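If you're wondering where the values come from, they're calculated on a predicted model, not measured in any experiment. So that the names make sense, note that chain A is the first sequence line, chain B the second, and so on, each numbered from 1.
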2 protein chains.
Amino acid sequence: MVNPAWLRSFCTLVHTQNFTRTAEQLFMTQSGVSQHIKKLEGFLGASLLDRDANGFELTEAGRRLYQQAQPIVDSLAHLQEQVMADPPHQGRVNVISPGSVGLQLYRHLLGFQQQHQGLIIDHRFAPNGSIESAVVQKHADIGLMTQIPQHPQCAFNDVGREQLLLVTPASESVPSLSALEKLGFIDHPDGHHHANLLLSANFSDFSSSQQIPVRGFSNQIGLILEPVSLGLGFTVLPQHAVASFAKPESIRVHTLSTPVYEPLYLVTSATTQRPARVQVLLEEIRAWLKSG
Amino acid sequence: MVNPAWLRSFCTLVHTQNFTRTAEQLFMTQSGVSQHIKKLEGFLGASLLDRDANGFELTEAGRRLYQQAQPIVDSLAHLQEQVMADPPHQGRVNVISPGSVGLQLYRHLLGFQQQHQGLIIDHRFAPNGSIESAVVQKHADIGLMTQIPQHPQCAFNDVGREQLLLVTPASESVPSLSALEKLGFIDHPDGHHHANLLLSANFSDFSSSQQIPVRGFSNQIGLILEPVSLGLGFTVLPQHAVASFAKPESIRVHTLSTPVYEPLYLVTSATTQRPARVQVLLEEIRAWLKSG
DNA sequence: GGTTAACCATAACGTTTTGTAATCATCAAG
DNA sequence: CTTGATGATTACAAAACGTTATGGTTAACC
């Protein structure tokens, strides 16, 4: 492999056009520079300089080398600081969250990214299980979950809760369990989990969401309420997913005797020391979720 | 400066996740790899690997280093071939020519560049003097001149000739010298030179273009004939500049008893060995000019 | 529980490479 | 003809390098 010190000498020489000055600039002797160039030429098997009466000029190979070498020398020179640097508002952060909080996060993340142009935020939606494994495998820097992560490598904080809402077509007034059974369930990735939580807390005769027929499924958070609005079934969703639905007049949200909440956990990998950009975003998210 | 061999070891290690296999791949011993990583960590003043029970994973610094180092290692590995490579249809070529041939060249150059996407052609117009010095100073790889270059570092070939034409407003029939004097001259960068050549060969009573009043000047080859078409004066131009004028009906080109031609020289720097891309383009241009 | 194999770290050491000091060669200016 | 500036060359001591040999840890297997 080429010795980059040779490249540096060569590049400096191209700048100064003078061996002696190059040596001074690099805190070495003229002899050293001379040898560096010679070694470079030997290594490449081509002469780099056309020596003539007063001074020299680059050969074609020299020009090409200069073009190639200069950026290499520069990156090598800045390597150390680049590796040590930990800019708080630059670089990539991967965030993964369930659909509902995701909708809330989305506008915050976009706004934050607008404030910090160097920042690249990769934001994806996924069900709890995928989120946990994404964090453990370090595909995601920050995860949001509605269950406590089980993996020992996960660190988590309780950062709030979100109410689960029973949503039916607008025509449905005060729903009974039998009415819901007749209506049918519009399922989504966390659908059965949510339905079990909400219905068991409010209907004594409810045993399991198994007893309710499924009439549809969508993993697009924005689309789950469409079939409900068309009268095709009911569903149970966190409030943010409901709040962002475009046609609120065609659905009905029901106030139940026992409100049910889903906890929210901010999950990160316990093992890694966090880069500043992740730490900063983590605290931003915490603040957003606290303030609503 | 960092030893790039250390970087290479590190990058390979990140790939293989295994010191021994890294060593094999790099034809060295496991001990060597281990020492390379240690030296890197020492140099950067940060640990790169989180050693744990079975194997290791990268620290944040390690990840950043990998990101920085991989391209450096790659460019260093390919440096030699890159410097030695001389692709005939890739890279930049600077061409400089007088306006008239330039117009002819332009479409050829564009067509050639379309055929070879990697090729970047910088084509500029300039008067003879500037062209010669651009070639000598190597700002241009290929120059076209209508005079023999004087500088000893210029190599040149006769590549054709171009007729000089007397152009007047359409209303002018058979021009006499006195009529031209009355009409006045529309000057351009080579205007006086062209006028002297053409008029002295065809009008025995012509002494010098000084005797003809100048009515205008443009260094935009496409605009010189505008004032002529408006009846503001006459000019003398090479044929290509005339042929590309948009309103031929409003000017008149006069057939003179003694046609005058301007030679065309392809000029390059004599000292440098030419890169393939320049040589190729040189021959293309030669062919274009020969065929018309 | 002991053996084995895989893996990485460390120490010692001969070899190679490096960069300096000293010197030489060339050239232009005074 | 001298002088000063420039680059090339040589010899040598110091530094860096990568190998061999060895030690420590862990996991798998009998």
Side-chain angles (χ1 to χ4, degrees), chain A residues 1-59 62 65-66 69 73 76-77 79-80 152 271, chain B residues 1-59 61-62 65-66 69 73 76-77 79-80 271:
Chain A
M1 196 174 314
V2 210
N3 184 335
W6 303 347
L7 296 179
R8 183 182 51 181
S9 294
F10 176 71
C11 288
T12 310
L13 179 63
V14 173
H15 283 137
T16 63
Q17 290 286 314
N18 179 303
F19 282 67
T20 311
R21 243 170 302 144
T22 298
E24 285 165 8
Q25 212 167 310
L26 299 179
F27 302 104
M28 49 190 293
T29 58
Q30 169 266 313
S31 166
V33 176
S34 188
Q35 289 175 66
H36 275 188
I37 305 303
K38 174 154 288 215
K39 281 171 182 169
L40 249 185
E41 293 185 318
F43 174 84
L44 294 172
S47 54
L48 300 169
L49 306 179
D50 266 337
R51 276 88 168 172
D52 61 6
N54 43 359
F56 56 83
E57 54 181 29
L58 292 182
T59 62
L65 177 62
Y66 180 66
V73 170
L76 278 176
L79 187 65
Q80 193 167 11
T271 57
Chain B
M1 194 172 316
V2 209
N3 184 335
W6 303 346
L7 296 180
R8 183 182 49 182
S9 294
F10 177 71
C11 289
T12 309
L13 180 63
V14 173
H15 284 137
T16 62
Q17 290 286 316
N18 178 305
F19 283 66
T20 310
R21 244 170 299 144
T22 299
E24 285 167 8
Q25 211 167 313
L26 299 179
F27 302 104
M28 49 190 291
T29 57
Q30 169 266 316
S31 165
V33 175
S34 186
Q35 289 176 63
H36 276 190
I37 304 303
K38 174 152 288 213
K39 281 171 182 170
L40 249 186
E41 293 185 318
F43 174 85
L44 293 172
S47 54
L48 299 169
L49 307 179
D50 265 339
R51 277 89 168 170
D52 61 6
N54 43 359
F56 55 83
E57 55 181 28
L58 292 182
T59 62
L65 176 63
Y66 180 66
V73 170
L76 278 175
L79 187 65
Q80 190 166 15
T271 57

So, is B:N3 near the phosphate of D:dA16, with a side-chain N or O under 4.0 Å from OP1 or OP2? no

Exercise. Any side-chain donor paired with an acceptor under 3.5 Å for B:T22 and B:T16?
Worked result: yes

A:Q30 CD to D:dA8 C1', in whole Å, measures 7 Å

Determine: side-chain N/O of B:N18 to OP1/OP2 of C:dA6, distance under 4.0 Å, yes or no.
-> no

Under a 4.0 Å heavy-atom cutoff, the residues of residues 33-44 of chain A touching DNA chain D are A:S34, A:Q35, A:K38

Separation of C:dT15 atom C1' from B:M28 atom CE, nearest Å, is 15 Å

> Can a donor-acceptor pair be found between the side chains of A:Q35 and A:S31 at a distance below 3.5 Å?
Replying inline: yes

Ring-plane angle category for A:F19 and A:F56, please: parallel below 30°, perpendicular beyond 60°, tilted otherwise. perpendicular

Between CG of B:L49 and C1' of C:dA9 the distance, given in whole Å, is 13 Å

Ordered by number, residues from residues 19-27 of chain A within less than 4.0 Å of DNA chain D (heavy atoms) are A:F19, A:T20

Quick note, A:S31 side chain, CB onward, closest among D:dG7, C:dA21, C:dT18 is C:dA21

Go through it in stages, so that I can follow the logic: the residues are B:K39 and B:N3, the test is side chain to side chain contact (heavy atoms under 4.5 Å, CB included), and I'd like the CA-CA distance, side-chain angles, deciding distance and then a yes or no. CA-CA 9 Å; B:K39 281 171 182 170; B:N3 184 335; over 6 Å; no

**Residues B:T59 and B:S47: side-chain donor-acceptor under 3.5 angstrom** = no

All heavy atoms of B:F10 vs all of B:L58, minimum pair found to be CZ-CD2, 3.8 Å

Atom CZ of A:F56 and atom P of C:dC27 are separated, to the nearest Å, by 17 Å

B:R51 side-chain N/O to C:dA9 phosphate OP1/OP2 under 4.0 Å: yes

Correct closest heavy-atom pair for B:A5 and B:H36 would be O-ND1, 3.6 Å

